[in-house]
Each structure stands twice: as C-alpha cells, then as structure tokens.
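Quick note: numbers below take in every heavy atom, side chains included, and nothing from hydrogens, waters or symmetry partners.
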Amino acid sequence: MQDCVDVGVKGAIIISAGFKETGADGAILENEIMDIAREGKIRVVGPNCLGVMNPINGLNATFATSIAKPGNVAFISQSGAMCTSILDWSLQANVGFSAFISIGSMMDISWGDLIYYLGDDPNTKAIAIYMETIGDARSFMSAASEVAMAKPIIVIKPGRTEQAAAAAASHTGSLAGSDDVLDAAFKRCGVLRVNKIREVFEIIELLGKQPRPRGKYLTILTNAGGPGVISTDALIDSGGQLAWLSDETMQELNQLLPKHWSHSNPIDLLGDATPETYARALTIAARNQYSDGILIVLTPQSMTDPTETAKRIAEVAKKLGGTKPILASWMGGAGVLEGRAILDEAGIPTYDYPDSAAEMFSYMFQYSVNVSQLYQCPRWCAEMHPESRMVDTILARAQTKGRKILTEFESKQILSAYGIPTVTSLLACNAEEAVCAANKIGYPVVIKINSETITHKTDVGGVKLNLNSPEQVRDAYDSIQHSVESKFGKDDFQGVTVQQMVNISGAYELIVGASPDDQFGPVILFGSGGTLVEVYNDKSLALPPLNSTLAHLLMKNTKIYKALKGVRGKSSADIKTLEKLIVNFSHLVMEKWNYISEIEINPLLSSGDALIALDARVILHSSAEAKTDGTENSNGIVRPAIRPYPSQYEQQFVSKKGRVMLIRAIMPEDEPLIVDFHKRISSESVYTRFLSDIPFEDRVKHNRLIRVCHVDYDRDIALVVLDKSSSTGKIVAAARLTKEHGMNVAEFSILVADDYQGEGLGGKLLRELIGHAKADNLSAIEAVVLQTNRAMIHVAEKAGFECIYDKEEGVVKQFLNLRDTHTQISAEDKKLKRLSAPIYI
C-alpha cells in the first residue's frame, strides 16, 4: 500500500484474506493499511474479495476467468463465492450487468459509497445486493434513501437465524445486527428485502416491466381450481390479499362465463376457457376498482391454446396501458414455451408456477410501501415540547448520583413532559404519607415501590393492587418495605408511589418502548403489552423520528392493531390519538437519546377514547458514556440513524424589494415546484450556475429531480426560498451544501430565479448554509464559480470567503475556513480539496 501511495495510485483492490475476520492481529494489520491509505488519499475495495468488473467498458479487475455480459443491473456482494456463482449462472442465462462488485469486508469503501456511485451511473437501472453485514449503517441508510427513489435496491440478507448471523459475523468480522431492526431499516430507506437468490433478479425484472401496485389486492384468473388455491395461499402468506369482486364485475363475469364458474376470486374460468374468454375476463377484471393487480394462470388442457391465449392477453395488456401490474404463469413444458415467449416480449413477466408469481406481486406491493416512506419528512425540534426542559434536570440529577435507573415517578414525569398521559401518582416516604395520598386520590388504589435501583417491581413484591382502606395501604407499605430491605437493602427503598386503581377490564394493554441498536441507534417498539409481552411476541419496530403516517404503519404491522380497530362488539381505540402519542414518544427518543438507553411504557392502556400509561421504566447511559451536546461519542452510544426534517430553518423574511419570503428545507413533494422554478431560469443563469449548458428537459427529468428533492439530512442540506407574496407560493431560489467524502469539508451551490436576482436571496441562503456548517462542526466550505459570475463572487467575499482566481480554467475557487481563527488550513489540505462536478439544484 505504501508503494501505491508513493507512485500516486488513488484506488486499490485487496483480494487477500487474513484481516479483521481472523481476530485481533488481523484487525491491527487492517488498521495499519488503512492509515497508509488515508494518508495517501487512496480508496480501497476489500479485503477478502473477488474484485470489480465494469462490463460496459470491459474492465475486469478480478481473478475470475470470465467477465460478465453488459446489462443495466449492478450486482454487489460481500461473498466472492456468491459472485462467481452468479457470474457463471448469468453467462448461461444471458443476464447482463452494469457493474459487478465483490466488496469483501469493507475496510474502506462500503455499501453507501457504492450505492451513491451507482445511483449516479446512467448505465445502472437497478441495484442488487447480497449482504452479510451492513457495516456503516448510517452511510447505507443515507445512500439508499436517496437512490431508492429513482432506482430499485433489492437486498438478499441472510442471517435471520442466530446460527446464520454468527456464520456471517465470522465470515466478515463485523456485527450482523438484529434482523428485525435491519428489516425496519430497509423498509424506512426504500429497500426491498427478498429471501431467495432467484427472487432478486425476478423482482428486478418485474419492477422494470410492470407498474407498481397501489395496494395489496390481487385478482387471479385461472382455468383450473388447484393452481388458484395454491396461488391464494402464497399470496396471503406473503402479505397480499385477494381482491373483492364488485357487483358490476360479478354481473359481467356471469354474462361471460359458464354458470359453474367459481363466482369468487380466484376466478376459475374452467378448463374449456378459450383465448377470447381469457381476454374478455382480463378486461373485466382490470376494470374492478377493488383490484390492484392481476395474475393470469394457464394450465395446458385438451381445449387450451397457450399460444393464442398469450397473443390475446398481450393485445389486451397493451390496450390497458399499464394501469395495473399483470403477471402470468403458463404452467407446463414444451407446449407452453411459445406462449411464454409472446408474453415476455409483451413485457408480461411469466413464471413456471403461480405461487411464485403471487409472491412476486406481494414483493411489488411491499416495495411500493417502502418507497412511500421516503416521502415522509418527520418534523421535530426542541420547541415542540417546551416542558421537556425540566426533563434535563431529572436526567442530569440521576446521572450525577451515578444512577442507571429512574424511579417510576421520575419516568412518568418525563412522559408527561412530552404529552403522554399517565395515571396520577403521589410519592409517599412512610406509611402515613401513603394513607394521606390514598385518601386524596380516592379508593381503591395501587401502591408501588419507588426505588432508584430496582427496575422489575413485581420480582420483589413491589406492587400491591386494589387497596380499599387505610389499613390495607399501611399493611401494603410495610410489606413492600420489608420485602425490599430483606432481599436488597435499606438504600434500595425510597418509599412508594400511590396511584389510582384503574379498571383494565375491556381495555387493551399495549407496549411502547425504545432501546439502542449497536448499528442503527435508538429503535422504537410497539405491540401487545402486559405481563405476557414476551409470550405474545406481537411487536413492530421502527427507526425514529416518526410522524403520524409512519406511526400508523408501525401499528398496522402488529396483530393487536386489528383489535384496536374494534372487534366482537368492542368499540375501536382512538387511533389518531395513539398515533400522536407514538409521535410524541419518538420526539422524546430523538431529543434524549444521549441520556436514555432504554425506555418502556408497559402497559399503555387503551380503552375507547382513553389512553393512559400505567407503568414506565427508564434506564440511563452511564454518566461516563453520555454527552449533552447531541453528538456521537467513542463510548458506544450510537446516535439515531435518521436525521429529522430540519424544521429549524423555517423562517420568514422580507427581500430588498419588500416581498415576503419563506425559507425552509426542501421536501420530496417539491418536485413540481422545482420544475416550475427551472422554467424561470435563463440559459445564461444555467451556464453560470452549472458551468455548462444543460437543457431544460435534462434539468427536470423525474429521475433526476427525485434525487434533488429527496435529501438525506445527514449528508446534505438543501434549502428553498418561496415567495409568500405570490398566490402559488412558488420557489424562487435554492441552495445546497454537500459534504465531501472523507473530509470535513462541504461544497455549496446557490441558484436564484432571474426575476428575483438582486433581492438579497443569495446572501441570505449563503448565511444559512454557513450557520448549518458551523452547527455541524465542519472545517470549511467551498465552491467553484465562473469568473463572470460577479454576483456570486461578491456575495461570497462579503461572507468572508477567500477567492482564488484560476485564469487557466476560467473559474474562481471560493473557500471559507470555519475552524478556530488561530488554526490555519495547511497548504496540503488546500491542495487536496476535491473539485467535484457541479451539484444540481
């Protein structure tokens, strides 16, 4: 590696094994190599990998004997053996790739780096991944959430069982991570996870040929009952549902089909179904408003014409114009091959077996749900919960004493500060105080141990229920005190809390909690609660922050959700209020993650319109671990994997011409506004901004604007200015700050509509970007502009930028040092600053 540095090599592939996967000595060797690589600014693929192929330009930097065929799918694998197997299969199956990468144990280049690269690669239309360990989880989430908007990312991730996870960890030397948390992360960043290798390429083909379904309801057309039943099982097991046949659909099918047809979905056309019957049935089924997709199954029977039926299906599909996905299963052998070829040519994916097709439809729906989450921009800032400031006092006081556990009373104070209703609780330090508290609350009451060290109260007899008199309260107090002091000690007993005895009959017991994951940081849990929570194991996970939509999705993934909607005569729970409670809980997790290790509400009681936290438990990070500045530290606390929508940038101001403007961070739904924005940009402004002529049609392509409007706030900040004086609230200026890889430096760009130039918008945006860079502890920000862009040069100089004129290139390199004024940027640092391609606004 040192030899590579000496001759100026900028990229290396290490195919050898024997590094961190072998133990401590291997990890030391790996660190030594990376120190050299970082010093020489070399990016490294591997180690323990096959290498890299680019079939488009013929690069084969692997030890494989053959190169993959060109195609539009990129394949990345941690397993070199998996790469060689897929390569061998692809050559026989005539499947091509835009890139074929063995990533190994990711000493340097990780999933995130490659996903960003392939997201920008015009030859790549989809990304397939074989993943054993996720490595840098934040980098993966950042890249995937940005790229998945435009290109499907399909992952096969083994390790669902503990044994498989252990095997993966020993293979790569990295943590495999919780599988449930990985599932939640994949869903949140728009990635689809499949279970089988063949499904990776099948779903990529399907997404490339058919539109995504709007829902999970499938209509099945078949000429045989058995395949319809098998398809139904596969559909339901994989998360789909059969579509309900509307009255109009039933009437039309009754007119078309023999009287003995199934009269339900699956629609059994019977064994003598002709090509015309199939075609007309497809037309009818496609009009059914309750259906989101159609699966057509054909079995070769004596009166069946597979080839002619395929032709008619292809004709009808063309007329339908891709309004709903259509899949097919032409079952059989040589007799159906011609029909399959016709369907494939028409862009209708065809499967050997109908259960496989049904599962693919469910995958399509899940992918749609995952991508839809990318459009959610949960908002959070400390000002949302002003009473939460008192929480810091509670937490700091506990950590100062070296405590790791809050009392139940303290825990409920924290919940109340975030708008989560709790049962009224009064503290009592002796039996008489407990009686006074009970008299004040009213009988019956519950008394619970108040301890700074004991977290599971029932294990020590620390809960006494349904107390109806002062005598019972005194006896219960004495019993709890004696039990704790005999099993632990006097220092473990700080009195009791007296609470109203809540009638839980007919109510649902829920659990809401959060605990840290070693890779993704805090993870929120929702599910069935109570004392049998581990037995029921009915739970769903999500990564904070959450908004109402994401909270609702979290609930929908549990069995208890159906009950909350109302069953067997019981009234439904207040779902909207429950959503708000979960959102507030996510705010608590986001704001106090560096204090709180685990937090749990169990049970959270739901009865009709009422929600109340009956019990709560909070476990803290140790004072040595925790920081109060909200940054990740070296003591093992992992910050949240997702940054919330930066509401703090929202502000109104008045331009130099007196127009009222709103500045805020960009949102995914801003795409139409950005298109309109580019309509008002002159060719001169385009050239000045992008340093080249970029046609309007290229600037507003959907796949490009997806990347522009969907921002990972951990890597970029993109701001827009809207004219509030106009009737439409149009975007009139935009700016972006993008961190450069491997450096604590970011590049900025600003674009202002021609008819709004000269109003101070550029200067305002630049000041906001500088403020963000300082808050993010960046060392410097930079940009490259044309020498003729006098306005931007003036704005930058006014903000304190150093402007270096490069006459040969005809540009001005702008640089602002954000470090302490006594710390100078070295000449070497300046020389190594990357001048990237212009960032599109």
Side-chain angles (χ1 to χ4, degrees), residues 137 141 145 155 157 160 177-193 195 215-216 236-241 362-363 365-374 376 378 420 508-517 519-567 572-590 598-606 611 613 617 640-642:
M141 291 285 291
S145 60
V155 173
K157 168 67 175 69
R160 291 184 182 273
S178 163
D179 197 69
D180 289 338
V181 176
L182 278 171
D183 266 345
F186 287 155
K187 291 175 182 177
R188 185 65 180 272
C189 64
V191 169
L192 178 64
R193 182 180 187 178
N195 298 320
K216 61 182 177 180
I236 303 300
D237 289 344
S238 57
Q241 292 287 329
S362 294
Y363 275 136
F365 168 68
Q366 185 59 59
Y367 177 72
S368 298
V369 173
N370 293 359
V371 170
S372 71
Q373 295 191 44
L374 296 175
Q376 302 303 318
I420 298 172
Y508 294 108
E509 291 183 288
L510 308 174
I511 182 172
V512 178
S515 59
D517 180 80
Q519 295 168 316
F520 291 97
V523 180
I524 292 177
L525 175 146
F526 172 84
S528 301
T531 56
L532 299 178
V533 61
E534 289 89 358
V535 176
Y536 292 141
N537 196 31
D538 176 29
K539 66 180 186 298
S540 178
L541 303 180
L543 300 181
L546 303 177
N547 59 14
S548 294
T549 300
L550 295 172
H552 195 92
L553 282 173
L554 175 67
M555 292 189 289
K556 283 183 70 175
N557 289 328
T558 61
K559 296 183 178 68
I560 193 68
Y561 176 78
K562 293 181 180 179
L564 294 173
K565 297 288 286 184
V567 292
S572 63
D574 189 340
I575 298 297
K576 289 296 181 183
T577 302
L578 184 54
E579 286 175 6
K580 184 177 180 181
L581 184 148
I582 294 173
V583 170
N584 286 345
F585 184 81
S586 84
H587 293 166
L588 165 59
V589 173
M590 288 297 296
E598 298 178 35
I599 180 169
E600 179 183 289
I601 307 171
N602 184 26
L604 171 66
L605 208 65
S606 172
L611 283 170
R617 182 169 67 103
I642 301 171

Exercise. Answer yes or no: is there a side-chain heavy-atom contact under 4.5 Å between Ile511 and Leu525?
Key: yes
Exercise. Decide side-chain contact (heavy atoms from CB on, under 4.5 Å) for Leu546 and Leu553; before the verdict, give the C-alpha distance in whole Å, the side-chain angles of both, and the deciding distance to 0.1 Å.
Key: CA-CA 10 Å; Leu546 303 177; Leu553 282 173; over 6 Å; no
Exercise. Could you tell me which non-hydrogen atom of Leu374 sits nearest to which non-hydrogen atom of Cys189, and how far apart they are?
Key: CD2-C, 3.5 Å
Practice problem: Flag the pair Thr558 / Ser528 as yes when at least one side-chain heavy-atom distance between them is below 4.5 Å, and no otherwise. | Solution: no
Exercise. Can you see which heavy atom on Pro378 is nearest to which on Pro545, and at what distance?
Key: CG-O, 3.4 Å
Exercise. Search all heavy atoms of Phe520 against all heavy atoms of Ala137 and return the closest pair with its distance.
Key: CE2-CB, 3.6 Å
Exercise. Check whether any side-chain N or O of Ser515 sits under 3.5 Å from a backbone N or O of Glu598 as a donor-acceptor pair, and report yes or no.
Key: no
Exercise. Could you tell me whether a side-chain N or O of Arg188 sits under 3.5 Å from a main-chain N or O of Leu543, the two making a donor and an acceptor?
Key: yes
Quiz item: So, does Tyr508 use its side chain to make a donor-acceptor pair with the main chain of Ile560 at under 3.5 Å?
Solution: no
Quiz item: Hey, mind stepping through Gln241 and Ile236 against side-chain contact (heavy atoms from CB on, under 4.5 Å) and telling me if it holds?
Solution: CA-CA 6 Å; Gln241 292 287 329; Ile236 303 300; 3.9 Å; yes
Quiz item: What's the shortest heavy-atom distance between Tyr561 and His552, and which atoms?
Solution: OH-NE2, 2.9 Å
Quiz item: What do the steps show when you test Lys580 against Asp574 for salt bridge (Lys or Arg N to Asp or Glu O under 4.0 Å), and what is the final call?
Solution: CA-CA 10 Å; Lys580 184 177 180 181; Asp574 189 340; over 6 Å; no
Quiz item: Quick one: are Arg193 and Asp179 in side-chain contact, heavy atoms under 4.5 Å?
Solution: yes
Exercise. Could you check Tyr536 against Lys559 for side-chain contact (heavy atoms from CB on, under 4.5 Å), going step by step and ending with a plain yes or no?
Key: CA-CA 10 Å; Tyr536 292 141; Lys559 296 183 178 68; over 6 Å; no
Practice problem: Write down the atom of Ser606, the atom of Leu611, and the distance for their closest heavy-atom approach. | Solution: CB-CD2, 3.6 Å
Exercise. To the nearest 0.5 angstrom, please state how far the OG atom of Ser372 sits from the NZ atom of Lys187.
Key: 11.5 Å
Quiz item: Can you check whether Gly527's main-chain N or O pairs, donor with acceptor, with Asp538's side chain at less than 3.5 Å?
Solution: no
